[in-house]
2 protein chains.
Amino acid sequence: MTAPRRRDAAATREAILRAGVEAFTRFGYDGVGVREIAQSAGVTAMLVNRYFGSKEGLFAEVAEVSMAERTVLTGDAATLARDVAAALVSRTAPEADNLDPFLLMLRSASNPRAAEILRAGIEKHVEAHILDVVPELRGTDRAAMALSLIAGFWLMRRVIGSSALNAADEATLAETLESLFRLLLAT
Amino acid sequence: MTAPRRRDAAATREAILRAGVEAFTRFGYDGVGVREIAQSAGVTAMLVNRYFGSKEGLFAEVAEVSMAERTVLTGDAATLARDVAAALVSRTAPEADNLDPFLLMLRSASNPRAAEILRAGIEKHVEAHILDVVPELRGTDRAAMALSLIAGFWLMRRVIGSSALNAADEATLAETLESLFRLLLAT
DNA sequence: GTCTATATAATGATAGAC
DNA sequence: GTCTATCATTATATAGAC
């Protein structure tokens with residue numbers, strides 16, 4: 001999409017990386033080729049390997065930058081359950097057009113090499129951030145369980161496209177989720 | 001694996017179908033080719049298309065037979081939360097070597113055509129079975145939310161391989177899950 | 001720093017012999 | 001009913017020119 005200035009290594013690398021985030025999040029690791037990613041970045045496929053070594057190398061860096069950003073998991077401990085529930089319902093809405101690390105994970109997890117990269121990224125960034133906000137959860141299974149619930153909701157609503165979840169009233173969905181998160185994230 | 005009798009159409013078809021269940025569940029729709037599936041069934045790739053029209057046609061039938069079976073969602077309404085929690089923990093154990101419809105879904109959902117087939121199968125079989133056991137959930141979002149939790153737990157524990165979930169005590173995992181399912185499946 | 005051209009391998013699907 | 005042989009396409013990755 002964004003054409004890099006010709007002969008600017010940093011800009012070219014950045015353009016490929018951002019095209020990679022978009023492509024891998026939308027289509028998954030196996031669902032997109034380096035040619036398409038390169039074309040979106042306005043360069044040829046060769047430069048993807050030039051700057052990232054391989055498709056897998058690009059994916060690793062995409063996972064790193066995508067998960068380093070904070071998305072659904074924001075807010076302070078006091079209102080965490082409600083905030084997470086509301087953000088989750090709003091971000092998984094069918095018309096929402098966002099690039100979320102959970103979508104990246106769900107659409108690439110079926111590839112074993114991608115799965116290992118994703119596992120490391122999840123534990124380093126996403127899980128660590130929950131423990132930052134609610135340090136009392138360390139040593140319990142509840143942070144990981146909250147991640148499972150978030151991932152499963154993303155999956156069923158946005159990747160599978162569950163009719164029940166997409167026909168449901170969003171306020172009701174948020175209430176149900178909030179009660180689950182209160183149970184998981186209580187201090 | 002199982003070699004069909006030569007010149008027995010029904011047995012050959014059945015062998016391909018069972019090889020398809022195994023292959024698609026283990027490696028996902030994009031992770032396996034028709035050649036591999038055919039070889040596991042002891043036939044050539046041509047017969048896959050002969051009997052199922054295409055790879056997608058085979059996958060549709062695989063999804064149908066896989067989801068028609070009952071796995072985690074068994075038991076009666078009274079002890080449902082505990083039963084589902086226990087079965088989920090046991091079936092997602094790292095050493096368990098089962099062919100579960102949730103694994104089929106998680107490993108193939110990234111392909112849009114497979115996702116649509118899976119959505120239909122989930123709603124026809126899995127969701128319908130929850131409403132069979134707990135008819136009071138009809139019209140609420142809680143059956144779909146329970147499915148999200150189950151899918152997310154499968155994903156994080158078995159497909160991603162979360163260290164936290166795999167290091168946790170299984171009895172504690174089951175307790176946490178049971179409290180969540182009690183909230184979702186209460187009549 | 002970026003390109004064109006290509007090597008090599010795998011894919012889903014089909015034609016036609018037996 | 002099943003096979004061999006093949007088509008057409010696509011994939012990742014690399015060599016070498018400019």
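Every chain is numbered from 1 and lettered A, B, ... according to where its sequence line falls, protein lines coming before strand lines. Quick caveat: nothing in here was measured; it's all calculated off a predicted structure. Computed over heavy atoms, backbone and side chain alike; hydrogens, waters and symmetry mates excluded.
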Closest to the [X] side chain, choosing from [options]:
X        : options                   : result
Met46(B) : dT4(D), dG1(C), dT4(C)    : dT4(D)
Asn49(B) : dC3(C), dA13(C), dA13(D)  : dA13(C)
Arg35(B) : dG12(C), dT14(C), dC3(C)  : dG12(C)
Ser54(A) : dG16(C), dA11(D), dA13(D) : dA13(D)
Thr44(B) : dA15(D), dT4(D), dG1(C)   : dT4(D)
Ala9(B)  : dC3(C), dG1(C), dG1(D)    : dG1(D)

Is the Tyr29(A) ring parallel, tilted or perpendicular to the Phe59(A) ring (thresholds 30°, 60°)?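 The rings of Tyr29(A) and Phe59(A) stand perpendicular, inter-plane angle above 60°.
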Give the ring-plane orientation class for Trp154(B) versus Phe102(B), where under 30° counts as parallel, over 60° as perpendicular and anything between as tilted.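 Parallel.
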Send over the distance from [X] [atom1] to [N] [atom2], rounded to a whole Å.
X        : N       : atom1 : atom2 : answer
Glu14(B) : dG1(D)  : CD    : C1'   : 17 Å
Ile37(B) : dA13(C) : CD1   : C1'   : 14 Å
Tyr51(A) : dA13(D) : OH    : C1'   : 17 Å
Arg50(B) : dA15(C) : CZ    : P     : 13 Å
Phe52(B) : dA13(C) : CZ    : P     : 14 Å
Lys55(B) : dA13(C) : NZ    : P     : 8 Å
Ile16(B) : dT2(D)  : CD1   : C1'   : 10 Å
Gln39(A) : dT4(C)  : CD    : P     : 12 Å

For Glu36(B), report the nucleic acid contact type (base, sugar-phosphate, nothing); a contact means any heavy atom under 4.0 Å.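 Sugar-phosphate only.
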Is it true that the side chains of Ser163(A) and Glu123(B) contain a donor and an acceptor less than 3.5 Å apart?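 Per modelled atom types, Ser163(A) and Glu123(B) side chains form a pair under 3.5 Å.
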Quick one: do the Asp141(A) and Thr176(B) side chains pair a donor with an acceptor below 3.5 Å?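 The criterion, which ignores hydrogens and geometry beyond distance, is satisfied for Thr176(B) and Asp141(A).
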Taking the basic N atoms (NZ, or NE/NH1/NH2) and the acidic carboxylate oxygens, is any pair closer than 4.0 Å for Arg158(B) and Glu95(B)?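 A salt bridge is absent here (no side-chain N lies under 4.0 Å from a carboxylate O).
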